[in-house]
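All values derive from a computational prediction rather than experimental measurement.
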Amino acid sequence: MQMRKVFCYILLALLAFNASAQSELTLPFMRDIFQSSYINPSITPEHTLSLGFPGNSVYGQFITNGFVINNIAEFRNDTMHVDPNKLLGELKDNNMLFVGQNVDIFHLRTKIRNGYYWFAIRQNLNATFNYPKDLIGLALQGNSAYAGSSLDFSNLKVDVSLYNEYSFGMMKEFPKWSFGGRISLLQGLSNVRFDPEVLNIEIDTAMYGHYGHADAKLYTAGIPRNSAGDPSIDHVDDMNWITNYFTNFKNKGFALSGGVTYKYDDRTRLSFSFYDLGFINWKDSVQTYTLKGETDFNGLDMVAEWLYGGSVDVDSILQAMEDDFDRDTIYSSYRTWLHPKFNLTASYDLARRTSLGFSFTGVYNSKFYPALTFGLQQGIGRWFNIIATASLNQRSFNNLGFGFMIKPGPTQIFIVADNLYPAINPLYTTNANFRFGMNWVFGRVKQPEGMPYR
């Protein structure tokens with residue numbers, strides 16, 4: 001029974017990808033909006049007061065570094081068909097799928113003398129799926145293609161986290177330098193994490209039978225359960241459960257962010273920042289399932305059965321394997337780490353309202369993922385800013401970003417996207433993200449300047 005729970009939790013984690021963090025590439029150049037302070041706390045704001053209410057900023061992101069849809073699919077009679085051989089040719093030995101989102105709930109930033117102080121709350125969802133090429137190959141090609149082989153699936157990893165972030169930040173400005181930082185209290189809500197030490201399958205050359213060897217743990221916390229302790233969402237619409245869920249601070253964590261900006265002259269700025277350096281300790285509603293041992297089984301060609309309309313009795317297959325493994329349920333705390341990021345930015349003001357910038361960003365998520373971005377920003381009048389960016393990111397060069405900010409009265413409305421190409425041709429997309437929102441801003445630090453006279 002425990003093994004069926006393991007598969008159930010992995011399925012829940014994979015389904016989370018259908019809901020809706022990696023580095024944001026365009027936002028660092030938009031110094032006028034509060035949300036850029038999450039990336040670089042040393043940014044000098046344009047206004048003395050910024051205020052945001054629930055839902056004032058929403059951000060979503062999707063990244064895959066395994067394949068491009070256009071390279072693995074073809075259309076026949078207006079229907080898209082995936083070519084298995086092309087798919088396997090596109091995949092690397094290790095691949096990643098990432099989905100993330102965050103929603104601002106509240107923020108307040110104000111200027112006091114030569115410093116800025118702020119408090120903010122936002123909710124984050126991060127979901128990462130690392131998968132080996134041989135896992136997809138085994139599902140598509142069946143046992144015979146791997147007869148006599150030993151397949152290592154130890155890098156098959158799933159990590160899904162939902163948490164709230166309560167941040168206290170400050171920035172101090174000096175003639176040539178500005179320093180900023182923030183400390184965040186993290187409120188863990190739910191987590192599912194699968195990170196095996198050993199997960200191997202050997203396929204013999206005679207009967208194509210499978211020999212499995214596993215030493216793995218599945219960590220779970222904050223998952224809705226019924227009275228029997230099994231995963232269930234039947235009671236999640238109960239107001240008492242919802243109130244207890246969102247006011248539970250037993251799964252606590254902390255994160256640090258910092259930045260420094262150097263003003264070489266009135267036109268040139270250099271800045272460096274790091275953020276999301278932290279962890280969450282999961283202590284409440286924790287269950288850890290261990291799976292350790294060896295088993296023999298005939299294999300399961302689920303893809304073929306599904307394609308030909310057959311039925312698969314998964315329960316009977318799992319039941320036949322259960323007794324070969326040592327299983328245990330542990331109710332002890334565990335820790336997960338955020339994906340730390342950094343940003344190095346240089347900008348030069350070509351004119352009073354025209355700025356050229358360059359940034360090198362990176363994020364660590366099982367491995368290091370860098371990105372390079374060029375940006376050109378133009379102010380128009382006293383109430384409108386627009387920026388265009390071009391980035392090298394996630395195995396693709398055609399990442400053309402866009403952002404604009406409009407300020408009618410005290411409202412500041414903005415839209416940011418690092419890659420516009422998904423809206424033009426989604427079949428060539430390896431990454432997509434967007435951010436939109438509205439802030440209330442009051443009191444300018446410096447009076448706005450119009451376009452320069454020619």
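Ring geometry for Phe402 versus Phe404: interplanar angle of 30 to 60°, hence tilted. Using the six-membered ring where Trp is involved, Phe254 and Phe279 have ring planes that are perpendicular, over 60° apart on the 30 and 60° scheme.
Taking the six-membered ring wherever Trp is involved, the centroid distance between the rings of Phe194 and Tyr219 does not fall below 6.0 Å. With ring centers used as reference points, Phe358 lies 6.0 Å or more from Phe29.
Judged by distance alone, the side chains of Asn130 and Asn95 never bring a donor and an acceptor atom under 3.5 Å apart. In the model, Gln61 has a side-chain atom that pairs as donor or acceptor with a side-chain atom of Tyr59 under 3.5 Å. Side-chain atoms of Thr26 and Thr389 include a donor-acceptor pair closer than 3.5 Å. Side-chain atoms of Asn433 and Asn419 form no donor-acceptor pair, as typed in the model, at a separation below 3.5 Å. Between the side chains of Ser184 and Ser167, at least one donor-acceptor pair of N or O atoms lies under 3.5 Å. Remark: the Trp282 side chain and the Thr336 side chain contain an N/O donor-acceptor pair separated by less than 3.5 Å. For the 3.5 Å distance criterion, the side chains of Thr220 and Gln287 fail to qualify, holding no donor opposite an acceptor. Side-chain contact check for Thr128 and Asp159: no donor-acceptor pair (N or O, by modelled atom type) lies under 3.5 Å.
Considering Leu356, Ile386, Ile387 in turn, Ile387 is the only one that fulfils the side-chain contact (heavy atoms from CB on, under 4.5 Å) rule with Gln377.
Within 6.0 Å of the CZ atom in Phe374, the count of heavy atoms belonging to other residues, nucleotides or ligands does not exceed 12. In this structure, Lys172 places its NZ atom where more than 12 heavy-atom neighbours from other residues, nucleotides or ligands lie under 6.0 Å away. Annotation: Lys157, atom NZ; neighbour count of heavy atoms from other residues, nucleotides and ligands within 6.0 Å is above 12.
Salt-bridge check for Lys133 with Glu90: failed, with every basic side-chain N at 4.0 Å or more from each acidic carboxylate O. The pair Lys263-Glu173 meets the salt-bridge criterion, since a charged nitrogen lies less than 4.0 angstrom from a carboxylate oxygen. Salt bridge absent: Arg31 and Glu46 never bring a charged side-chain N and a carboxylate O closer than 4.0 Å. At a threshold of 4.0 Å, the pair Asp418-Arg435 does not count as salt-bridged, since none of the basic side-chain nitrogens sits closer than that to a carboxylate oxygen. Using a 4.0 Å cut-off between charged side-chain N and carboxylate O, Arg122 and Asp104 make no salt bridge.
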Pair Tyr348-Tyr264, ring-ring contact (aromatic ring centres under 6.0 Å, His included): steps then yes or no: CA-CA 10 Å; Tyr348 179 77; Tyr264 178 76; 9.8 Å; no

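Counting heavy atoms from C-beta outward, Ile33 and Gln412 have side chains that approach closer than 4.5 Å.
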